[in-house]
Amino acid sequence: MTERRDTAQQRAIREVCQSTSRPLSIDEILRLAQSDVPSLGQRTVYRIVRRMVEDGLLVPVAVSGQPDRYELAEIAASHHHHFHCTVCDRMFDVDGCVGKLASLLPRGFTLEDHELTLRGRCKSCSD
Ligand SMILES: [Zn+2]
Ligand SMILES: [Zn+2]
């Protein structure tokens with residue numbers, strides 16, 4: 001496996017993440033990137049995604065009881081939350097944030113960060 005081929009594959013994966021603009025599973029990345037790089041296999045996607053995480057280009061998004069999804073670090077850098085569709089299993093970005101979370105804390109506690117995943121049915125699964 002040459003560096004140059006890796007780069008083309010990494011570029012395909014990066015473009016998929018950019019154009020989809022929602023957190024993707026390895027299988028989703030594989031399926032979408034295969035239209036650019038038909039020879040792409042699941043193990044290659046795993047390896048490249050893992051390296052892109054190490055290089056700080058992708059950030060894992062945890063889904064309880066499931067393998068991580070991945071989003072671009074530049075998207076992860078701006079505070080946002082996710083919606084997980086319980087029917088099609090896709091994750092979406094959600095704009096905005098709930099306020100006043102610090103008011104839930106016991107007295108004397110300090111809030112530093114929070115994660116929030118909304119669950120339900122996306123638009124196409126609600127119709
Ligand atoms: Zn759905
Ligand atoms: Zn928030």
Side-chain angles (χ1 to χ4, degrees):
M1 180 95 19
T2 66
E3 270 306 307
R4 176 177 307 222
R5 194 164 149 211
D6 255 7
T7 304
Q9 291 166 334
Q10 180 169 318
R11 195 181 325 118
I13 290 173
R14 188 179 170 79
E15 276 164 13
V16 159
C17 293
Q18 254 158 357
S19 62
T20 315
S21 68
R22 58 181 189 81
L24 296 173
S25 66
I26 293 287
D27 285 339
E28 285 176 315
I29 292 171
L30 175 65
R31 214 166 47 238
L32 293 163
Q34 268 176 339
S35 61
D36 275 342
V37 187
S39 62
L40 206 58
Q42 196 192 47
R43 279 168 58 186
T44 307
V45 172
Y46 263 117
R47 183 171 52 79
I48 294 176
V49 164
R50 197 170 54 227
R51 202 178 55 214
M52 288 174 79
V53 170
E54 284 167 8
D55 291 346
L57 300 171
L58 288 179
V59 174
V61 176
V63 194
S64 60
Q66 289 193 17
D68 286 346
R69 313 296 165 94
Y70 298 90
E71 68 184 355
L72 290 173
E74 62 223 47
I75 292 173
S78 65
H79 185 84
H80 69 280
H81 295 291
H82 296 118
F83 181 95
H84 180 213
C85 178
T86 56
V87 179
C88 68
D89 213 26
R90 290 182 295 175
M91 283 201 109
F92 299 88
D93 284 0
V94 173
D95 286 333
C97 182
V98 287
K100 298 190 171 70
L101 282 175
S103 66
L104 301 174
L105 294 181
R107 183 181 298 274
F109 283 46
T110 303
L111 184 66
E112 292 181 339
D113 195 11
H114 66 267
E115 291 173 11
L116 179 67
T117 303
L118 306 174
R119 265 183 274 282
R121 281 182 284 175
C122 74
K123 187 173 189 329
S124 48
C125 293
S126 295
D127 291 339

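Only heavy atoms go into these numbers, but all of them, side chains included; no hydrogens, no water, no symmetry mates. In each ligand, atom 1 is the first atom listed, and ligand 1 is the first ligand listed. Positions are given from 1, in the same order as the sequence printed here.
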Original post:
With a 4.5 Å heavy-atom cut-off, do C97 and H114 have their side chains touching?
Top reply: yes

Original post:
Is the CG atom of D95 crowded by more than 12 outside heavy atoms at less than 6.0 Å?
Top reply: no

Subject >> Side-chain donor-acceptor contact under 3.5 Å, R90 with S124 >> reply: yes

Original post:
Under 3.5 Å, side chain of E15 to main-chain N/O of A12, donor-acceptor pair present?
Top reply: no

Original post:
So, D36 versus Q9: side-chain donor-acceptor pair below 3.5 Å or not?
Top reply: no

Subject >> Charged N-O contact under 4.0 Å between R69 and D89 >> reply: yes

Original post:
Any side-chain heavy atom of D93 sitting closer than 4.5 Å to one from H81?
Top reply: no

**OP:** State whether a side-chain donor-acceptor pair under 3.5 Å links E71 with H82.
**Re:** yes

Original post:
Counting no waters, how many protein N/O/S atoms sit under 2.8 Å from the Zn ion (ligand 1)?
Top reply: 4

Original post:
Taking H79 for the side chain and A77 for the main chain, is one N or O donor matched with an acceptor at less than 3.5 Å?
Top reply: no

Original post:
Which residues and atoms, protein N, O or S only, are under 2.8 Å from the Zn ion (ligand 2)?
Top reply: H79 NE2, H81 NE2, C97 SG, H114 NE2

